[in-house]
Protein chains: 2
Amino acid sequence: MPTIRDVAKLAGVSVASVSAVTNNRTGVSRKLAERVWKAAEALDYHPDSLARSLRVRRTETIGVVMPQIASPFYAEVLRGVETEAKQKDYSILICDSAADSALEQRLLNSLMARRVDGILLASVDPHFSAHQLLRRRMPVVFFDRLPASCRGPAVMVNNVEGSFEATRYLINLGHRRIAIITGSLAISTAAERAEGFRNAMGAAGLPIPEGYLRSGEFRLEGGYKCALEMMKLSPRPTALFATNYEMTLGMLRALRELGIKCPQEVSVMGFDDFVMGADGFSWATMFSPQPTTVAQPSYEIGREALKLLLRRIEGFEDGHQDGQESVVRLRVELRVRESTAPPVLS
Amino acid sequence: MPTIRDVAKLAGVSVASVSAVTNNRTGVSRKLAERVWKAAEALDYHPDSLARSLRVRRTETIGVVMPQIASPFYAEVLRGVETEAKQKDYSILICDSAADSALEQRLLNSLMARRVDGILLASVDPHFSAHQLLRRRMPVVFFDRLPASCRGPAVMVNNVEGSFEATRYLINLGHRRIAIITGSLAISTAAERAEGFRNAMGAAGLPIPEGYLRSGEFRLEGGYKCALEMMKLSPRPTALFATNYEMTLGMLRALRELGIKCPQEVSVMGFDDFVMGADGFSWATMFSPQPTTVAQPSYEIGREALKLLLRRIEGFEDGHQDGQESVVRLRVELRVRESTAPPVLS
DNA sequence: TTGAAAGCGATACCAA
DNA sequence: TTGGTATCGCTTTCAA
């Protein structure tokens, strides 16, 4: 691989000049620039960004750590991050922690060793401590969820209100016995969605019987198993509320296996929407029944998170570390489809 | 950020010794090692991998470039790559070319500037030339698809045979009028799947009428639009064969909108399976009807591709560039579900 | 067993 | 406008 020295030699100039040219710095004569470009081309020269970053102490790269890239929600967030990053000429390093907090820790260390300029994090660990990051002066912005001991900066959605609205929608349909399944309540999103549910039930004077609020894993299996068990309760719920994408699918699957018709016998309220890539087709239309869901602006979450991080990076460079508690809340939206209907009279 | 010098100073030893210790090299006294570790801990020292890579001329990192991470097929391939990489202590840089060949080029350049040790590529450009990579001595392994001008190394599936079997299955069910939709025939996977289809139809002495073989975009919309049009043909096909995941969904959606019952009125053969993350639940079970598909061993593709790349990287280091044409073909598997049935007699 | 010093490939200051 | 050279943080001879 040719280095800047090779180019300098071939062009008959100094390395400083080559550097000036390749970085389009002002104050170089056309003649010299041309010679340099020609030499660079002849040698197929490409600057080593490792060496460059080492010197300038900046990588123009940010790291993104999330629990599962394959999940449509996170994939869509990622699209938002990438879009915004491309505009700002930042590269991004994508890391999938596979919902494993030890792996997450390794990935964070690796990102810091790589000297990324900042990190976007949806931590799998609800007790994650930002201490290690702050100590190393690594700018970080949380998204989707906020660990208990952190106050920001973060980009999230208004989970409480969204969950409240969704529950109220079911109540307005006439449902009285509504059961909810959330992720581990240690995770902020799960706790907030449970809170919105409780608020709405309380406001309507409705009880939440034993077994009607379950928290399990934020996964397909979690929704599946919980739905199976909830359908054994008596009195049986007339509506189920699943608080993320995977759980929604799991519940629908359980109902199908039990031969319980949705929405005729039981309504299902889901969470997260099901958009597919750039063409805007919604996956929801592929399912049967098409799930009514609380849709998060995933793409926007990604964009906002990156914007906030870049502001924070500049802040670090300028020396002031304020804005540490700024939390951006984006609005969710109820998308009514087929899986919800008034309850059967009983 | 503390550097190796700071540690050396605090421990009262030379930087060379610190380096020796942190890299667990043999031949350092326990005493010295202890002093160094204590100092490193006290300072919260973490080696700069940029500087290290610059010096050792190796990053222990490989780049993966794919057209769409959000697609379940590629996401699953990625899981395979990550699993294998973790075992071998390699980091991976994930790049989403968003089916944009200019962006793909930028990403490749960025990866090379970052001095990754090798690249895994599913190029969006069927006429991609590996010239640029070879000239810069960058080891590359293609996966999923192989550009026309390249002969390997690559990891792919036996598309021709898989498509042949799938078509034969439909024929054995009694179908005579079978239509297929593929991606652009310039892409090797699409061409191979079309070939398997033709072979099977030919072997059975069946014609492929005008309009029965369409190639469009490898997307949901492509499958959707094609199915709409194929259903207008006369005579109308009794079975449709979609040759990737998104197209399969698009076709099912089109049939539903047209009010055409699947599989009672028209059978649909799909491609790619629908597994969801590590829990092994198949997405296929969420759809109605559940699609019969040709399942690719996506996860294995990822693992094999990484293994092959690592062998290739070692080869480059040892100076011999052979194995450039080795193509690994993995086997697909027909998974019969609900979307296929014998044709209605007419 | 430990340390001094050269060098990886860039950038940037300062002098010419 | 151009060039010489120190420097970024680390590894790696080679000599002590």
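Fair warning: this is a prediction, and the values are worked out from it, not measured in the lab. Chain letters run A, B, ... following the sequence lines, proteins first and then strands; every chain starts at 1.
- Of the candidates dT2(D), dC10(D), dA10(C), the closest approach to any side-chain atom of T3(A) belongs to dA10(C).
- Listed pair R30(B) / dT1(C) fails the phosphate criterion, with no side-chain N or O lying under 4.0 Å from OP1 or OP2.
- Defined by atom type and a distance below 3.5 Å, a donor-acceptor pair is missing between the side-chain atoms of S298(A) and R79(A).
- Look at CD1 on I4(A): it is 12 Å from P on dG3(D), rounded to the nearest Å.
- Taking only distance into account, the side chain of R52(A) never meets the base of dT11(C) through a donor-acceptor pair shorter than 3.5 Å.
- Taking a cutoff of 4.0 Å between a charged side-chain nitrogen and a carboxylate oxygen, R58(B) and D117(B) do not qualify as a salt bridge.
- A close approach under 4.0 Å does occur between a side-chain nitrogen or oxygen of S14(B) and OP1 or OP2 of dG3(C).
- Side-chain N/O atoms of R57(B) include one lying less than 4.0 angstrom from OP1 or OP2 on dG9(C).
- Here the side chain of T59(A) pairs a donor or acceptor atom with the backbone of R115(A) at under 3.5 angstrom.
- Recorded end-axis angle for the helix from dT1(C)-dA16(D) to dA16(C)-dT1(D) stands at 40°, based on five pairs per end and rounded to 10 degrees.
- The CZ atom of R55(A) sits 9 Å away from the C1' atom of dC13(C) (whole-angstrom rounding).
- Residue-level contact check: S19(B) touches the bases, meaning some heavy atom is under 4.0 Å from a base atom.
- What separates CZ of R5(A) from C1' of dT11(C) is a distance of 12 Å, to the nearest Å.
- Of the residues in residues 33-47 of chain B, none has a non-hydrogen atom less than 4.0 angstrom from any atom of DNA chain C.
- Residue A16(B) has its side chain nearest to dA5(C) when only dA5(C), dT2(C), dT11(C) are considered.
- Closest of all the heavy-atom pairs between A20(B) and V28(B) is CB-CG1, 4.0 Å.
- Using modelled atom types, no side-chain atom of S49(B) and backbone atom of R52(B) make a donor-acceptor pair closer than 3.5 Å.
- Atom NZ of K88(B) has more than 12 neighbouring heavy atoms from other residues, nucleotides or ligands inside a 6.0 Å radius.
- Note on R25(B): a base of the nucleic acid sits closer than 4.0 angstrom, heavy atoms only.
- E41(B) and K38(B) are not joined by a salt bridge, as no carboxylate oxygen comes within less than 4.0 angstrom of a charged side-chain nitrogen.
- With S188(B) contributing its side chain and R145(B) its backbone, the two residues share no donor-acceptor pair below 3.5 Å.
- Remark: K307(B) NZ is packed, more than 12 non-hydrogen atoms of other residues, nucleotides or ligands lying under 6.0 Å away.
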Using side-chain hydrogen bond (donor to acceptor under 3.5 Å, both in side chains), reason through S91(A) and E60(A) one step at a time and then give a plain yes or no.
CA-CA 6 Å; S91(A) 297; E60(A) 252 125 46; over 6 Å; no
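- Which of dA12(C), dA10(C), dG3(C) sits closest to the side chain of D48(A) comes down to dA10(C).
- Only one option out of P67(B), S97(B), C95(B) pairs with E104(B) in a side-chain contact (heavy atoms from CB on, under 4.5 Å); it is S97(B).
- Using a 4.0 Å heavy-atom criterion, one finds that L32(A) contacts the sugar-phosphate atoms exclusively.
- Residue A51(A) has its side chain nearest to dA10(C) when only dA12(C), dT1(D), dA10(C) are considered.
- With rounding to whole Å, R114(A) atom CZ is found 23 Å from dC8(D) atom P.
- Going from atom CZ of R136(A) over to atom P of dG9(D) covers 14 Å, rounded to whole Å.
- The side chain of R115(B) places no N or O atom within less than 4.0 Å of a non-bridging phosphate oxygen (OP1 or OP2) of dC8(C).
- Atom-to-atom, CE of M1(B) to C1' of dT7(D) comes out at 18 Å; the value is rounded to the nearest Å.
- Among the nucleotides dT11(C), dT11(D), dT2(C), the one closest to the side chain of V56(A) is dT11(C).
- L50(B) has its CG atom 13 Å from the P atom of dA10(C), to the nearest Å.
- Among the protein residues, V15(A) comes within range of the nucleic acid bases, having at least one heavy atom under 4.0 Å from a base atom.
- Ranked by how close their nearest DNA chain C nucleotide is to the 5' end, V28(B) and L54(B) are led by V28(B).
- If you measure from atom CZ of R58(B) to atom P of dG7(C), you get 21 Å, rounded to the nearest angstrom.
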